[in-house]
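Here the structure comes first, spelled out in structure tokens, and everything after it is commentary.
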Amino acid sequence: MTEASRLRLEPRGNGIMRSAPDNSATRTISVFFYGLYMDPDVLKGKNVEPRDGRPAVAEGYSLRIGRKATLLRMRGAVASGMVYSITHAELDRLYWGAGLAEYRAEPLLVRTLDGEFLPVLCCNLLQAPAEHEENPEYAQSLREAMIRADLPGPFPDVSKLETR
């Protein structure tokens with residue numbers, strides 16, 4: 001790639017064009033994580049740098065855990081999670097490069113616990129897990145991550161975990 005191909009022209013206040021570097025590889029996007037990816041250590045273990053972490057809730061959505069987790073639209077429900085700024089390449093690695101291709105990025109409006117509304121991307125399954133699908137170990141790990149992040153409930157149901 002030549003230096004000229006990495007540059008683009010941007011207007012200046014006086015109408016004169018100046019060149020600026022293309023930042024698309026390092027530009028970040030806000031993503032709402034409602035599953036185990038809300039844990040910054042899990043993200044770092046996947047070679048993703050979670051930036052600007054903010055606890056948030058998705059109003060009108062409910063968490064459903066089957067073999068995999070997803071958010072379902074449900075009037076009156078609230079799902080808790082974390083918003084992080086990550087790059088497009090990091091998002092690709094988390095989902096489409098990790099065997100989670102059935103997830104789709106969708107726009108969502110979340111509310112931080114400070115009351116700020118944020119437009120974010122959120123990766124969801126298009127097909128909800130079947131009613132009989134369960135993953136109690138995942139639910140327990142997620143509950144622990146939510147408590148560590150000091151998120152409000154509702155917390156995943158762990159009543160089906162066997163006591164050992």
* Check whether any side-chain N or O of Glu133 sits under 3.5 Å from a backbone N or O of Ala130 as a donor-acceptor pair, and report yes or no. => yes
* Pairwise side-chain contact, Leu36 with Ser141, heavy-atom cut-off 4.5 Å (strictly under) -> yes
* To do: Mind listing the closest non-hydrogen atom pair of Ser30 and Pro119 along with its distance?
  => CB-O, 4.1 Å
* Can you tell if the side chain of Arg93 reaches within under 4.5 Å of the side chain of Lys46, non-hydrogen atoms only? -> no
* Asked: Would a 4.5 Å heavy-atom cut-off, applied to side chains only, mark Arg67 and Asn135 as touching?
  -> no
* Is it true that Met82 and Val78 fall in one hydrophobic cluster, defined by side-chain heavy atoms closer than 4.5 Å? -> no
* To do: State, with a plain yes or no, whether a side-chain heavy atom of Met146 is found less than 4.5 Å away from one of Ser80.
  => yes
* Whether Tyr84 and Phe33 hold their rings parallel, tilted or perpendicular, with breakpoints at 30° and 60° -> tilted
* Structure fact -> Closest heavy-atom pair, Leu151 versus Ala56, reported as atoms and distance to 0.1 Å, is CD2-N, 4.4 Å
* Asked: CZ of Arg51: more than 12 outside heavy atoms within 6.0 angstrom?
  -> yes
* **Point-to-point distance, once rounded to the nearest 0.5 Å, from CZ of Arg27 to OG of Ser85** => 12.5 Å
* Structure fact -> Between Leu94 and Tyr37 the two heavy atoms that sit nearest each other are O-OH, 3.1 Å
* To do: Flag the pair Met38 / Leu142 as yes when at least one side-chain heavy-atom distance between them is below 4.5 Å, and no otherwise.
  => yes
* Structure fact -> In terms of heavy-atom contacts, Ala69 and Leu63 come closest through CB-CD1, 4.2 Å
* To do: Please examine the side chains of Thr70 and Leu72, heavy atoms only from C-beta on, and report whether any two atoms are closer than 4.5 Å.
  => yes
* Do Tyr61 and Phe117 share a hydrophobic cluster, counting only Ile, Leu, Val, Met, Phe, Trp and Tyr and linking them when any side-chain heavy atoms are less than 4.5 Å apart? -> no
* Asked: Are the side chains of Pro152 and Val57 in touch, meaning some heavy atoms are under 4.5 Å apart?
  -> yes
* With no hydrogens and no angle check, is any side-chain donor or acceptor of Glu106 less than 3.5 Å from a backbone partner on Asn124? -> no
* Between Ser62 and Ala77, what is the shortest heavy-atom contact and its length? -> CB-CB, 3.9 Å
* Asked: Does Trp96 use its side chain to pair, donor to acceptor, with the backbone of Leu91 at less than 3.5 Å?
  -> no
* Asked: If you take all heavy atoms of Thr87 and Thr26, which pair is closest and at what distance?
  -> CG2-O, 4.0 Å
* Measure the shortest side-chain to side-chain distance between Val31 and Val83 over non-hydrogen atoms and say whether it is less than 4.5 angstrom. => no
* Any pair counted as salt bridge (Lys or Arg N to Asp or Glu O under 4.0 Å), so long as it reaches residues 107-125, sequence neighbours left out -> Glu59-Arg111
* Asked: Under a 4.5 Å side-chain heavy-atom rule over Ile, Leu, Val, Met, Phe, Trp and Tyr, are Val120 and Leu113 clustered together?
  -> no
* What is the ring orientation for Tyr34 with Phe32, classed by angle as parallel under 30°, tilted 30 to 60°, or perpendicular over 60°? -> tilted
* State the CG-CG distance between Leu71 and Leu125, to the nearest 0.5 angstrom. => 9.5 Å
* Check against side-chain contact (heavy atoms from CB on, under 4.5 Å), Arg54 and Leu118 -> CA-CA 10 Å; Arg54 292 162 283 180; Leu118 296 175; 3.5 Å; yes
* **Single-linkage hydrophobic cluster, 4.5 Å side-chain cutoff, Leu121 and Leu109 together** => no
* Could you state whether Ile65 and Ile147 fall into the same hydrophobic cluster, counting links through intermediate Ile, Leu, Val, Met, Phe, Trp or Tyr residues with side-chain heavy atoms under 4.5 angstrom apart? => yes
